[in-house]
Structure formats: C-alpha cells, structure tokens
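First comes the structure, then the notes that go with it.
Letters A, B, ... mirror the listed sequences (proteins, then strands); counts begin at 1. Everything numeric here is computed off the predicted structure, so don't read it as measured data.
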There are 2 protein chains.
Amino acid sequence: MTTGPKFSPVQPVRAYERIVEQVEDALASGDLVPGQRLPSERELVAQFAVSRSTVREALRVLESNGVVRSRPGDPNGPEILPFSQSALRKQMVRLARVDELTLSELIGFRMIMDGAAIQVASRLRTPEELDELEETLVAMRAAIDVDFDAFSQADLAFHELIARISRNSLIQTCNEVVRGVVLSLISDKISHAPNSRALMLESLHHHADVVDAIRTGNGHAAARLARQNMYDYYGGYVPDSEQETLRALVED
Amino acid sequence: MTTGPKFSPVQPVRAYERIVEQVEDALASGDLVPGQRLPSERELVAQFAVSRSTVREALRVLESNGVVRSRPGDPNGPEILPFSQSALRKQMVRLARVDELTLSELIGFRMIMDGAAIQVASRLRTPEELDELEETLVAMRAAIDVDFDAFSQADLAFHELIARISRNSLIQTCNEVVRGVVLSLISDKISHAPNSRALMLESLHHHADVVDAIRTGNGHAAARLARQNMYDYYGGYVPDSEQETLRALVED
DNA sequence: CTCCGGTTACTGGTCCGACCAGTGGACTAG
DNA sequence: CTAGTCCACTGGTCGGACCAGTAACCGGAG
C-alpha cells in the first residue's frame with residue numbers, strides 16, 4: 001500500500017455557496033460593514049452572473065445565519081446586520097430542544113463562565129466600575145417590587161457588567177446566550193413559584209456578597225460565591241441524576 | 001398615555017419560513033427522525049402547495065442549519081441528519097471571525113473552559129477513564145517524535161477526553177472551537193519555533209502533572225495546573241497590554 | 001443460476017420570464 | 001413649504017425548462 005498525496009473526499013460545490021462565501025469573506029475582511037446595504041437581488045444577479053434563484057438561495061442562507069435581512073420593497077437592498085448572538089442562541093435552543101444539551105450542562109456552563117468572569121473582574125475592576133456594580137444592585141432591589149421580568153432584566157445587567165469588566169467579550173457573549181436558553185427553559189417555573197419574591201431577595205443578597213468579595217479583591221472567594229449562588233438559584237430544576245456535575249463546581 | 005395591550009412589531013411571514021417551521025416541528029416532535037428521508041422537492045411542492053423555488057429556499061435554510069442534506073440525483077430525497085453541534089460550532093466561528101476577538105480573549109476563554117473541565121473531571125472520572133487519560137499521555141509522548149501536527153492532534157485528543165469526562169458537551173464544543181481558532185492564529189509560530197520540541201516536551205510534562213492531580217482527586221490543583229500550563233504555552237504570543245487578563249486566571 | 005453492463009426514470013442545481021404587493025423617493029398640487 | 005399622489009423598483013412567489021448526475025431496474029453474457 002503506497003501512501004500518495006492526501007486525497008480528501010470532494011463534494012459538489014453549489015453556486016449559491018460560493019456567493020455566501022464571498023459575502024462572508026467580505027464581511028470578515030471589513031469590506032462589508034454592518035449597516036451597509038447589499039445591491040438588490042437583480043443587481044447581484046448581474047454581478048455574480050447567476051440566476052436570481054441562485055442569488056435568492058444565497059440570501060436565504062445568509063439571512064438564516066443572521067448576516068443580512070431582506071425587506072420587500074426596500075429600494076436600498078438587503079441590509080448587513082450587526083452581529084448578534086441570536087443565531088448562536090437559535091442553534092443552542094435547537095440543541096437543547098432535542099435533548100442534545102441537558103439543563104445541567106447549560107447551568108454548569110453558566111456557573112463556570114460567570115465564576116471565571118467574576119474572578120477576573122475582581123482583579124481588573126476600576127473603582128468606577130465597582131460603583132457601577134453597586135448601582136446595579138440598587139436597580140435589582142427596586143426591580144423586585146415590580147415583577148419577575150424586571151428583576152430578570154436587572155440581573156442580566158449585572159452579569160453583563162461583570163462580563164464587560166472581565167475584558168473578555170467571548171465570556172460576555174457566551175454568558176448572554178446560555179442565560180437566554182436557560183431562562184427560556186425554566187423562567188416560567190421560577191416566576192410562577194409561590195416563593196418567587198423570596199427567591200429574588202435571596203439572589204439579591206448573594207449578588208451583594210459577590211460584590212463585597214470583589215471589593216476586597218478576593219477573586220477566588222467571589223467566584224465561589226457566584227457559583228454557589230447560581231447553584232442555589234437554578235440547581236433545584238436539575239434532575240438528581242445530573243446534580244453531581246454541578247456539585248463538582250461549587251466545592252473547592 | 002394609555003398602556004393598552006402589549007403590541008409587538010410584526011413582520012411578514014414568508015412561505016418558506018412556514019415550511020422550515022413545519023419541518024423543524026416535525027423533527028422536534030419525533031415525527032421525523034434522523035436518517036429518514038424527506039420527499040423529493042417536486043413532491044414537497046405538491047404537499048405544501050407552493051412553488052419549487054419556495055421549497056428550495058426552505059431546504060437551503062434547513063441545510064444551512066444542519067438539519068437536512070440534499071444530494072443531486074438521490075432518488076430517496078433529502079436526508080434528515082443526526083443532530084450535531086456542527087451548526088453551533090459554525091456560528092461560534094462566525095462570532096470569532098466577525099467580532100474581532102483578541103488572542104488574549106480566546107486564550108483566556110480556553111484557560112477557563114479547560115480548567116473548569118479538568119476540575120469537574122477530576123471528581124467525576126472513573127478508574128477506566130483515568131486509564132484512558134494515561135494512554136493519551138503515552139500517545140502524546142510518541143507524537144512528539146513525529147511532528148508538531150501529530151502532537152497537536154494528540155493534545156486535542158487529551159482535551160476532548162477531559163471534556164467528555166466532565167460530562168458537559170457544551171464545554172467540549174466550546175473548547176474545540178476556540179482551540180481551532182487559536183491554533184489557526186499561532187500554530188505556525190509554534191511549529192516553526194526553534195525550540196518546538198522542547199515546548200512539546202514541557203507541555204507533555206505539564207499534562208502529566210495534571211493527570212496526577214486528577215488521580216488524587218484534587219480538582220482545584222488540577223485546574224490551576226492546567227491554566228498555568230496553557231499560560232506558559234500560549235501566553236508568550238499575547239501582547240503585553242493584554243497579559244493582565246490572563247494573569248488574573250493563573251493566580252488564586 | 002449468478003453476475004455484469006447499459007438503459008431509464010427520477011433527482012437536485014440552475015436558469016429564465018412573469019406577476020404581485022409592497023416600499024420609499026420624487027414629483028406635484030395646494 | 002407642506003401634503004398628497006405617483007411610480008420606479010424592491011423582494012416574494014410562481015411555473016416551466018434544461019442539464020448532469022444517481023440508482024434502481026432489466027436483460028444478456030457467463
């Protein structure tokens with residue numbers, strides 16, 4: 001048996017894929033910028049020298065990926081969208097729906113990301129950012145008296161701020177996406193819980209403890225508190241068979 | 001100002017979107033199962049009572065989302081694909097490409113994920129899995145004598161095993177994706193380094209230390225070692241201005 | 001009988017031309 | 001200068017056509 005040059009399986013490349021590729025490359029290289037407009041479909045037909053069907057299939061794929069948006073009648077043509085995690089979230093929700101992702105995996109992931117973000121943030125935070133954190137606590141307290149949605153939004157603001165302070169946008173994005181997925185799975189259970197208000201208050205106090213730890217610069221303790229907080233808050237919704245992976249995250 | 005019923009912005013629903021929806025619902029409800037085949041495009045035209053263009057646009061979206069695959073000439077029609085995280089990975093790669101992630105963000109993310117995975121794994125691992133880990137170490141040692149690519153692949157196997165032992169496929173996917181992006185950015189620098197072999201040997205020893213820590217069940221120490229290892233391995237490629245965020249991860 | 005090769009019905013990929021309901025800018029009447 | 005109309009153009013959908021490819025079917029060679 002001779003080992004010749006490495007041949008790899010080849011599958012047909014469809015015309016619309018080439019178009020998608022070109023657009024995405026232009027976007028990655030900065031030639032195309034969110035807010036800009038693509039030429040109209042009929043103009044693209046001319047530029048790519050393909051039929052409108054082909055152009056449209058490419059646009060559908062791009063649209064499904066959250067890259068562009070077409071609106072009928074808009075003389076400006078399809079719009080290049082700013083990147084959003086909606087596409088990422090969509091895929092994650094899909095995976096979660098078919099049980100490819102369990103709740104414990106999602107929550108465990110959040111515990112990890114949030115804990116790490118807090119650990120980094122407690123070292124990098126400026127005094128001003130510490131003040132901002134205190135403000136979000138006040139906002140959370142006020143939101144408790146409104147409803148669960150308001151509290152959830154204030155909580156989101158807190159975690160977004162943490163992620164921002166950690167200077168890592170990857171953490172920020174992942175956290176946001178996973179948080180959305182988790183909430184879509186169990187938010188109704190939480191908001192309908194009879195002790196919903198008590199849960200919110202407890203969560204608030206835990207957040208305050210985290211901020212205290214951040215203030216003293218004890219990143220490790222802060223992270224530990226954060227993970228414990230999340231475990232207390234969400235852990236009850238995880239089946240017993242999956243509890244083990246989460247507990248491994250709250251102990252040192 | 002009166003606050004009437006909550007109206008939400010409404011955008012036109014396109015026919016192909018309804019088709020995508022129907023197929024995805026059938027898939028979520030179990031009416032459609034991976035491996036099954038969709039009717040041919042012309043048959044779908046009849047069933048959905050739309051034109052072939054519309055059916056095709058729906059199929060393109062489904063295909064782009066990793067739900068189905070069409071092959072020209074296949075009399076069985078489009079195939080329902082098994083769920084995979086490839087679609088999720090695709091979106092993450094897109095995120096990494098578009099969002100101009102810095103190297104320190106990517107590496108920091110990896111340090112977090114890998115460290116957490118190891119911490120969880122050190123608690124959940126079975127004796128058999130510990131043996132598997134030892135085997136990957138042997139494979140890494142052997143790969144050093146081949147070339148950098150072989151070592152990189154053995155290293156990948158190690159981290160994939162860790163992620164698997166951590167029982168969290170989200171960690172697995174994220175790690176894989178980010179690792180790929182990082183490598184694509186700096187792998188040539190590493191492989192062309194004059195002391196490439198020394199780097200590989202050092203990395204191997206660090207991995208062995210991690211496995212030792214896992215064996216004793218000291219998850220915290222294992223995670224710390226892993227982060228330190230990654231910092232030593234990749235940290236040199238991060239500009240000084242971004243070093244701070246990484247150092248916050250290797251200290252306790 | 002089995003096995004092989006060609007025929008053929010059907011597949012998806014692409015193209016073309018057409019129609020429609022909308023949009024938004026230009027243009028006009030006030 | 002404003003308010004209303006108009007119209008060129010947009011994207012969404014349709015139907016029909018052609019092509020290269022696939023795989024099952026079928027018939028003849030062994």
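Taking atom CD on B/Glu57 and atom P on D/dG11, their separation rounds to 12 Å, with Å as the unit. The distance between atom CG of B/Asn76 and atom P of C/dT11, rounded to the nearest whole Å, is 10 Å. Distance, A/Glu41 CD to D/dA8 P: 21 Å, rounded to whole Å. Counting to the nearest Å, the P atom of C/dC15 and the CG atom of A/Leu44 are 13 Å from each other. We find that CG of B/Leu59 is positioned 14 Å from P of D/dT13, with the value rounded to whole Å. As a whole-Å value, the separation of B/Arg56 CZ from C/dT11 P is 13 Å.
Nucleic acid contact for B/Arg69: none, since no nucleic acid atom lies under 4.0 Å from a heavy atom of the residue. Using a 4.0 Å heavy-atom criterion, one finds that B/Pro12 contacts no nucleic acid atom at all.
Nearest-nucleotide assignment on DNA chain C puts the 5′-proximal partner with B/Asp74, out of B/Asp74 and A/Val50.
Annotation for A/Gln153: atom CD does not count as buried by contact number, only 12 or fewer foreign heavy atoms lying within 6.0 Å.
Dashed line: the shortest gap from a side-chain N or O of A/Thr54 to OP1 or OP2 of C/dC15 is under 4.0 Å. For C/dG13, one of the phosphate oxygens OP1 or OP2 lies less than 4.0 angstrom from a side-chain nitrogen or oxygen of B/Arg60.
Taking the side chain of A/Ser51 as heavy atoms from C-beta on, and the options D/dT13, C/dT11, C/dC16, the nearest nucleotide is C/dC16. For A/Arg71, the listed nucleotide lying nearest its side chain is C/dG24; candidates were C/dC15, D/dC14, C/dG24.
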Collect all protein-nucleotide pairs involving nucleotides 16-18 of chain D in which both atoms are nitrogen or oxygen and the distance is under 3.5 Å.
{"from": "D/dA17", "atom 1": "N6", "to": "B/Arg52", "atom 2": "NH2", "distance (Å)": "3.2"}

